[in-house]
Amino acid sequence: MDENAPKGAPRFQADPHSIFWRLHFRSPPSDVFPALATAEGRSRFWAESAEEEGGVIHFVVPGNLESRGRVIETIPSRSFVAEYFGWTVQFRLQADPSGGTDLEMRCHGVPAEDRVEVIAGWVSVLMAMKAAVDFGVDLRNHDPERTWWQGYADN
């Protein structure tokens, strides 16, 4: 971590085996959870489509990349865990006293050579999630010529 960080602050993304981010929503867990646990919610910020059938989500993301991953855990308004591109992604939600939600996301299984890109990718996904849940805004391009693969900040 940089010398300007507060004394005792944890190193940025220090665990080489997982990626970890926190995000605060002004919305309650009952509004945040469906964004993760429903096809409609996921398609508002994460994937062009993310239909679920038989406990398996079929993600289609920009660039027509596809991933099928099973849902591992669903605890309404508290936890959602699923496979995504071969990784395991855990979302934990906790209500805060002001009526909002603190979300913790942990992603396991990302190969070392992809780690930097996936760290950045999750920031993009999580900020798009906040915009969709808290403000009803879709930040994505929805343009196949302007995706992550062409250098655009998009998910």
Pairs involving residues 124-143, ordered by first then second residue, that meet salt bridge (Lys or Arg N to Asp or Glu O under 4.0 Å) (sequence neighbours left out): Lys130-Asp134, Asp138-Arg140, Asp143-Arg146
Distance-minimising heavy-atom pair for Pro34 and Pro29: CD-O, 4.2 Å
Spacing of OG1 belonging to Thr147 relative to CG belonging to Asp154, to within rounding of 0.5 Å: 7.0 Å
Rounded distance (nearest 0.5 Å) linking atom CG of Leu93 with atom CG of Leu36: 6.5 Å
Partner set under side chain to side chain contact (heavy atoms under 4.5 Å, CB included) for Leu139, not counting sequence neighbours: Ala131, Val137
ring-ring contact (aromatic ring centres under 6.0 Å, His included) pairs, two or more places apart, involving residues 136-155: none
ILVMFWY network linking Val133 to Leu23, side-chain heavy atoms under 4.5 angstrom: yes
Sequence-distant partners of Gln94, side chain to side chain donor-acceptor pair (under 3.5 Å), two or more places apart: none
Flag side-chain contact, heavy atom, 4.5 Å: Met105 against Arg92: no
Side chain to side chain contact (heavy atoms under 4.5 Å, CB included) evaluation trace for Gln13 with Arg115: CA-CA 10 Å; Gln13 300 293 340; Arg115 185 172 164 75; 3.6 Å; yes
Student check: side-chain heavy atoms of Leu65 and Phe85 closer than 4.5 Å: yes
Single-linkage hydrophobic cluster Phe20~Phe25, side-chain heavy atoms < 4.5 angstrom: no
Same apolar cluster: Val116 and Phe12, side chain cutoff 4.5 Å: no
Inter-residue atom distance Ile119.CD1 - Trp21.CH2, 0.5 Å rounding: 7.0 Å
Within-4.5 Å side-chain heavy-atom neighbours: Thr74 and Phe33: yes
Listed once per pair and sorted, the ring-ring contact (aromatic ring centres under 6.0 Å, His included) pairs that draw on residues 88-136, sequence neighbours left out: Trp46-Phe91, Trp46-Trp122, Tyr84-Trp122
Side chain Thr101, main chain Ala95, donor-acceptor under 3.5 Å: no
With sequence neighbours excluded, residues passing side chain to side chain contact (heavy atoms under 4.5 Å, CB included) with Pro111: Trp87, Glu113, Asp114
Backbone N/O of Phe80 and side chain of Gln90: donor-acceptor pair under 3.5 Å: no
Ile72: hydrophobic cluster co-members (side-chain, 4.5 Å): Val81
Anything under 3.5 Å between a donor and an acceptor, one on a side chain of residues 49-64, the other on a protein residue two or more places apart or in another chain? List them.
from, atom 1, to, atom 2, distance (Å)
His58, NE2, Glu66, OE1, 2.6

Those residues that, when tested against Ile75, pass side chain to side chain contact (heavy atoms under 4.5 Å, CB included) (two or more places apart): Glu73, Arg78, Ser79
Results of side chain to side chain donor-acceptor pair (under 3.5 Å) for Asp15 - residues two or more places apart only: Ser18
Validation row: Val110, Ile19 side chains within 4.5 angstrom (heavy atoms): yes
Residue pairs involving residues 16-41 (criterion salt bridge (Lys or Arg N to Asp or Glu O under 4.0 Å); sequence neighbours excluded): Arg22-Glu104
